[in-house]
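One structure is given below, encoded as structure tokens.
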Amino acid sequence: MPHRAPGSPRKSREQYLSGKPIRYYRPRGSAEVRQLIDDGFQAFNAARIGEACHIFGDKMLLPEHNTTIGLTVAGALTPAGLGGCIVELMERGLVDFVISTGANLYHDLHYALNFTLHRGSPFVDDVELYEEGVIRIYDVLFPAQVLLETDTYVRDFLVRWGVNGPVSTAELHYALGRDLMEQHPGCEQYSVVAAAAAAGVPIYTSSPGDSSIGMNIAYHELMNDSRLMIDPNKDVNEVCAFILAGEKNGCVILGGGSPKNFYLQGQPTLWEVYGIPKGGNDYFIQLTTDSVVWGGLSGATPAEAVSWGKVNPGVLPDTVVAYCDSTIAFPLFCEYAVGSEHNRRPRKELVHKRVELVEALKREAMSAKREHPAPAEAADTMPDLERHR
Ligand SMILES: NC(=O)c1ccc[n+]([C@@H]2O[C@H](COP(=O)([O-])OP(=O)(O)OC[C@H]3O[C@@H](n4cnc5c(N)ncnc54)[C@H](O)[C@@H]3O)[C@@H](O)[C@H]2O)c1
């Protein structure tokens, strides 16, 4: 089978990469978008986006609720230019910590390093792209050289950083963000990883080996004899400690995947493992294309999460799933949030409080253990989820 229709001209690398550069879009709080959502989005998933905007703007952002807000990011969002929405939320203190796939963080580095990703078409000849050295993420196209040079930067950073020993992914990403700002001043305006470091927002990755960042850390161990080790236990305890410390807790979940569970498992880690019944999440917003009927976690509803003690049964009205492409729904959601009354909050700067909050978690877990020495042998009912509310 020829991989190109007979007679159709071969496209050059330059032609493939001639599309407009993808830039990070920064929401500005458009009144027109707010009007569209309030007056035009009246039913089905459009109405669910409206609900999500109101749960976020009218409840999660209320100063008196002081909600600790986690954002989880899966799907190819930074390649599609949505990093600017995340930067805007972090800068304004509207998101306190982030859990992302490694891919989104790795592809964010291209923007920080001033490489260009291009708008393109999904209907292209992939063998030809391969021969021309062009990488494709659906309709996003960029030269393979971008991968190689981004990898070189990551490896050089790891050498400069010089840390040996176990670190959480938040420590890794914070150091990476600081390094980006040193090497490329001003890049915190257009890089999620750099902006997070500037705003004190910790970023976690639920599967650190599953991206080119993880691949280059593996290189660093094998080729440089580094003892740098990503310690997932630190990540689990740090996220759990943030949730324990939260007066109220809420999440915005983009896509599904392991970041979604990594956030939601914080509540079961507290009650099931540490014997601290925090009470379940207070707010739950998910924008996803994942469907519930396949039984996977990615599409699981907030109601299902109640059975695990992940979501408080009393707050189901403050939960919503909008089934839509998050590359459409998330910029709308962010426009609404930026245009809302409480569009700026004092930043919690959790990246600097990780150690003290984990110590607080340990103190509370020790005291729970003294009170109930063998939680596993206790009655087979759920704990009193109201205890800590
Ligand atoms: N170089 C790297 O480090 C690396 C590693 C893995 C993936 N990638 C690339 O990055 C891209 C993103 O991969 P990923 O691991 O972040 O997640 P993913 O694309 O595997 O998506 C994970 C979850 O998000 C949902 N989702 C995906 N797109 C969505 C959308 N538009 N709207 C709503 N929900 C959506 C999926 O249904 C799933 O639940 C991949 O397409 C791949 O090309 C790169």
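Both ligands and their constituent atoms are indexed starting at 1 by order of listing. Along the sequence shown, the residues carry numbers beginning at 1. Only heavy atoms go into these numbers, but all of them, side chains included; no hydrogens, no water, no symmetry mates.
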Write down the atom of I49, the atom of C324, and the distance for their closest heavy-atom approach.
->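 Closest approach of I49 to C324, heavy atoms only: CD1-SG, 3.8 Å.
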
Please name the pair of heavy atoms, one in P302 and one in V321, separated by the smallest distance, quoted to 0.1 Å.
->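 Heavy-atom minimum between the residues: CD-CG2, 3.5 Å.
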
With hydrophobic residues grouped by side-chain heavy-atom distances under 4.5 Å, do Y153 and I213 end up in a single group?
->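 Yes, Y153 connects to I213 through the hydrophobic network.
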
Nearest neighbour in protein (non-hydrogen) for [atom]:
atom                    : answer
atom 44 (C) of ligand 1 : H107 NE2, 3.3 Å
atom 32 (N) of ligand 1 : S326 N, 2.8 Å
atom 34 (N) of ligand 1 : T289 OG1, 3.2 Å
atom 19 (O) of ligand 1 : G75 CA, 3.6 Å

Any luck finding a side-chain donor-acceptor pair between [X] and [Y] under 3.5 Å?
X    : Y    : value
T78  : H107 : no
D108 : Y190 : no
E364 : Y274 : no

Work out whether the distance between some heavy atom of G214 and some atom of ligand 1 is less than 4.0 Å.
->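 Distance cut 4.0 Å: G214 fails for ligand 1.
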
Could a heavy atom of M215 be found less than 4.0 Å from some atom of ligand 1?
->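 For ligand 1, residue contact (heavy atoms, under 4.0 Å) with M215 is absent.
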
Need the ligand 1 atom indices (1-based, order shown) with element for anything under 4.0 Å from a heavy-atom of [X].
X    : value
A74  : 22 (C), 23 (C), 24 (O)
N104 : 16 (O)
D325 : 30 (C), 31 (N), 32 (N)

Within the structure, does at least one protein heavy atom fall under 4.0 Å of atom 37 (O) of ligand 1?
->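 Yes, because at least one protein heavy atom sits under 4.0 Å from atom 37 (O) of ligand 1.
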
Closer than 4.0 Å: a protein non-hydrogen atom to atom 2 (C) of ligand 1 |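 Yes, there is one.
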
Would you say the ring centroid of F97 lies under 6.0 angstrom from that of F242?
->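 Judged by ring-centre distance (under 6.0 Å), F97 and F242 do meet the cut-off.
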
Taking the six-membered ring where the residue is Trp, are the ring centres of F333 and F56 under 6.0 Å apart?
->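 Centroid separation for F333 and F56: below 6.0 Å.
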
Given I137, T101, T78, which one has a non-hydrogen atom that is nearest to atom 43 (O) of ligand 1?
->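 Checking each option, the heavy atom nearest atom 43 (O) of ligand 1 is found in I137.
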
So which of G256, G257, A76, A103 gets nearest to atom 24 (O) of ligand 1, if we judge by its closest heavy atom?
->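 Nearest option to atom 24 (O) of ligand 1, by heavy atoms: G256.
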
Assess R155 against Y219: is NZ or CZ under 6.0 Å from the centre of the six-membered ring, and within 45 degrees of the ring's axis?
->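 Satisfied, under 6.0 Å and within 45°.
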
Examine the proximity of ligand 1 to [X] and report which part, side chain or backbone, both or neither, has a heavy atom under 4.0 Å away.
X    : answer
C324 : backbone
D290 : side chain
S298 : side chain

Check the angle between the aromatic planes of W161 and F157 and answer parallel, tilted or perpendicular using the 30° and 60° thresholds.
->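 Plane angle under 30°, so parallel.
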
